[in-house]
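In what follows, a structure is listed as structure tokens, so that the remarks can point back to it.
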Amino acid sequence: QVNLVESGGGLVQSGGSLRLSCAASGRASTTYTMGWFRQAPGKEREFVAAISWSGSRTNYADSVKGRFTIFRDNAKNTMYLQMNSLKPEDTAVYYCNGGGHRSTTDYPYPFWGQGTQVTVSS
């Protein structure tokens, strides 16, 4: 079992930046592939980004490529999502997702956080 806790969401103006964090606890959590998903009101949950356990491989949704960066610090058992050039359409609840050792394209993973709200005003 892995426990995932997100933080860092909030309200930001269009063009601004936010950094989300996902603190992981549990057995072998530093060896797991992890990722971020988001869900906007009335829409399905969608993939945002994923990262391998070592951080050497990443995968991004086309909608965030060049604006968002996923990275992790295994010494701190924490994964991050740096979000730059935010747009109103990035408004959503962002979920941390992780667990297992699948590839960064074979998502979603078994465990979910509770989510953190990101709101981008125009």
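Every heavy atom of this structure was used, including side-chain atoms; hydrogens, water molecules and symmetry mates were not.
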To the nearest 0.5 Å, atom CZ of R45 lies from atom CG of N97 at 8.5 Å
Mind checking the CZ-OG1 spacing from R38 to T116? Nearest 0.5 Å is all I need.
14.0 Å
By the disulfide bond (SG atoms under 2.5 Å apart) test, which pairs, at least two apart or in different chains, include something from residues 7-106?
C22-C96
Donor-acceptor pair between N59 and R57 side chains, under 3.5 angstrom:
no
Non-hydrogen atoms of S14 and P88 that approach each other most closely:
OG-CD, 3.8 Å
Under the ring pair (Phe, Tyr, Trp, His ring centres under 6.0 Å) test, residues paired with Y32 that sit two or more places apart
H101
Starting at CG of N74, measure out to CE of M34 and round the result to the nearest 0.5 Å.
9.0 Å
Residues forming a salt bridge (charged side-chain N to carboxylate O under 4.0 Å, His left out) with R102, sequence neighbours excluded:
D106
Output all residues satisfying side chain to side chain contact (heavy atoms under 4.5 Å, CB included) with V93, sequence neighbours left out; order by chain, then residue number.
Y95, Q117
Intermediate values then yes/no, side chain to side chain contact (heavy atoms under 4.5 Å, CB included), V120 and Q13:
CA-CA 5 Å; V120 184; Q13 288 188 334; over 6 Å; no
Restricting to salt bridge (charged side-chain N to carboxylate O under 4.0 Å, His left out), what partner residues turn up for R67, sequence neighbours left out?
D90
Could you tell me whether the side chain of E6 and the main chain of S21 form a donor-acceptor pair under 3.5 Å?
no
Side-chain contact test, heavy atoms from C-beta onward, threshold under 4.5 Å: evaluate it for T58 versus T104 and give yes or no.
no
So, Q1 versus N3: side-chain donor-acceptor pair below 3.5 Å or not?
no
Nearest 0.5 Å, please: how far is CZ in F68 from CG in L18?
9.0 Å
Residues passing the side chain to side chain donor-acceptor pair (under 3.5 Å) test with K65, sequence neighbours excluded, are D62
With sequence neighbours left out, write down each residue that passes salt bridge (charged side-chain N to carboxylate O under 4.0 Å, His left out) with E89, or none if nothing qualifies.
none
Is there a continuous path of hydrophobic side-chain contacts, each under 4.5 Å between heavy atoms, that joins L86 to V64?
yes
Transitive ILVMFWY cluster of W53, excluding itself - 4.5 Å side-chain cut-off:
none
Under a single-linkage definition using a 4.5 Å side-chain heavy-atom cutoff for Ile, Leu, Val, Met, Phe, Trp and Tyr, are V2 and I51 assigned to the same hydrophobic cluster?
yes
Heavy atoms, side chains only, cut-off 4.5 Å: are M79 and W36 in contact?
yes
Separation between CG (L20) and OH (Y80), nearest 0.5 Å, reads 12.0 Å
Do you reckon Y109 sits in the same ILVMFWY cluster as I70, going by side-chain contacts under 4.5 Å, direct or chained?
no
According to a hydrophobic-cluster definition based on side-chain heavy atoms being under 4.5 Å apart (Ile, Leu, Val, Met, Phe, Trp, Tyr only), do M83 and V12 belong together?
yes
With sequence neighbours left out, the residues meeting salt bridge (charged side-chain N to carboxylate O under 4.0 Å, His left out) with D73 are none
Residue pairs, two or more places apart or on separate chains, that pass ring pair (Phe, Tyr, Trp, His ring centres under 6.0 Å) and touch residues 5-30
none
Tell me if a side-chain donor or acceptor on S52 pairs with a main-chain N or O of T33 at a distance below 3.5 Å.
no
Tell me, please, which residues at least two apart from F47 pass ring pair (Phe, Tyr, Trp, His ring centres under 6.0 Å).
F37, Y107
Tell me whether S56 contacts the main-chain N or O of S54 through its side chain, where contact means a donor paired with an acceptor under 3.5 Å.
no
What pair of heavy atoms forms the shortest contact from F111 to G99, and how long is it?
CD1-CA, 3.9 Å
Please identify each residue that fulfils side chain to side chain donor-acceptor pair (under 3.5 Å) with S122, with sequence neighbours left out.
none
Heavy-atom closest contact (S17 atom, N84 atom, distance)
OG-OD1, 2.9 Å
